[in-house]
Amino acid sequence: MITVLFFAHLQDAVGQEKVIMDKAPISIADLKKELVELYSLPGLENVMFAINEEYATGDDLVNDGDTVALIPPVSGG
Amino acid sequence: MITVLFFAHLQDAVGQEKVIMDKAPISIADLKKELVELYSLPGLENVMFAINEEYATGDDLVNDGDTVALIPPVSGG
Amino acid sequence: MNEKRFILTEDIINMEEVTNKVIRREAGAVTTFTGTVREFTKSKRTLYLEYDAYVPMAEKKLEQIGDEINEKWPDSMVAITHRIGRLEISDIAVVIAVSTPHRRDAYEANEYAIERIKEIVPIWKKEHWEDGEMWIGDQLEKKSYPTGKPEQEDLV
Amino acid sequence: MNEKRFILTEDIINMEEVTNKVIRREAGAVTTFTGTVREFTKSKRTLYLEYDAYVPMAEKKLEQIGDEINEKWPDSMVAITHRIGRLEISDIAVVIAVSTPHRRDAYEANEYAIERIKEIVPIWKKEHWEDGEMWIGDQLEKKSYPTGKPEQEDLV
């Protein structure tokens, strides 16, 4: 099982703060495709991904028990 | 009469915060020469002068009632 | 130093408290950046803001910025507090304090910190106007990740 | 705005008070520079400092710096408080607060202010060490006035 977190406008789009998925192991790139399809999300071109609170790249693998977060362009400060 | 103010190491050298002099009108350049002589001050090369709280140049004239200040290199901040 | 220097909070930020965390006998210069909620952005009037964040990761990333600054400006010390939740006009959203022995570094390092916050710290701002509301995206308006992954230089 | 924004004082400086003078609805960025008394200058240990000043002229010159900043950074607002008298290690000697709509300007204008203070404001520092004391001259170590008069660019 993996936990996927949504923030900001993605949280509004998905309608949930987090979902639990039974997809591990899966690459970030593949997970992204699944999420786009599942929630009819727009491209996510400028959305970053984090695994366990560290930024990840498309090749990185999500393992069982990991927490993935979708990070839209940030606007703090 | 003019009032002449001394600060920092010049105040220590002269031994006074201020002196009243009966020299007006006099240019800053001439006043400087007088002060160097009167108080055996070192050259004053890097000392600025102010007339009535505004920086003055050697040509500026000190008139009766004016306050002149000797401004050694500043070190605030 | 036991107090946490990189935090998110829902409480009002006290800028002096943040600054005091970095005042040291050996550092003569301290710069404090205070980011407040501005009423107008390009003639659009903001009523209030909401900040959301991925809190544990955001605090980690603030700490990373502190580490980066220590690398680049060796004798520096940094503290950052960012507020989340609802903020009114003129409320303080973020305070960054940097102390260094010499002042030039304190300005440079502080500006580096706010730039990095806008790049890598997972905090999002929702603006509320009279006629609507919106999550504000990339303020830098210069990043996009066509490969779905940030480049190395964006993250490190 | 009735409160004085350019002052010398013998009292402890409250940095938040100085900063609050420049916080405005239309300005989202505030930089605050806090200059504290450093214990070591080039491995020489300072016990305490004394600041002397030509008070009325110094306040005028601080105000002039504020005017210069308003010229260079049109939407800025500045407040400066400088302490005089005896100061201990880590005591705050000067606080400069600058608010601007955009942050880049707030950093630049603030740094301009501290540079100008060290050029034109008649305040003098006396350092007290274990083995003596001395009035500190030109910290910039780049100015001298062979004609007995400062050049125009130094003053305006």
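So that the names make sense, note that chain A is the first sequence line, chain B the second, and so on, each numbered from 1.
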Nearest atoms (heavy-atom pairs only) where R38(C) meets P101(D):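 Where R38(C) meets P101(D) most closely, the heavy atoms are NH1-O, 2.7 Å.
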N/O donor-acceptor pair under 3.5 Å between R25(D) side chain and I89(C) backbone: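 No: the side chain of R25(D) does not pair with the backbone of I89(C).
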T31(D) side chain to T31(C) backbone, donor-acceptor under 3.5 Å: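 No; judged by distance alone, with no hydrogens or angles, the pair does not exist.
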Option from V22(C), N20(C), V30(C) for which side-chain contact (heavy atoms from CB on, under 4.5 Å) with T34(D) holds: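 Testing T34(D) for a side-chain contact (heavy atoms from CB on, under 4.5 Å) against V22(C), N20(C), V30(C) leaves exactly one candidate, V30(C).
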Top contributor to chain D interface from V95(C), I23(C), I114(C) [non-hydrogen pairs under 4.5 Å]: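 Most pairs with chain D among the choices: I114(C).
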Heavy-atom pair count under 4.5 Å with chain C, highest-scoring of T19(D), N110(D), T32(D), N14(D):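 Ranked by contacts with chain C, first place is T32(D).
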Atom pair OH/CZ of Y107(C) and F33(D) - distance to nearest 0.5 Å: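 One finds 5.0 Å between OH of Y107(C) and CZ of F33(D).
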Contacting moiety of A29(D), where chain C heavy atoms sit under 4.5 Å: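 Answer is both: backbone and side chain atoms of A29(D) are under 4.5 Å from chain C.
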Check ion pair E111(D)-R104(C) (N to O, under 4.0 angstrom):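 R104(C) and E111(D): salt-bridged.
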Part of E16(C) lying under 4.5 Å from any heavy atom of chain D: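 Contact with chain D is through both the backbone and side chain of E16(C).
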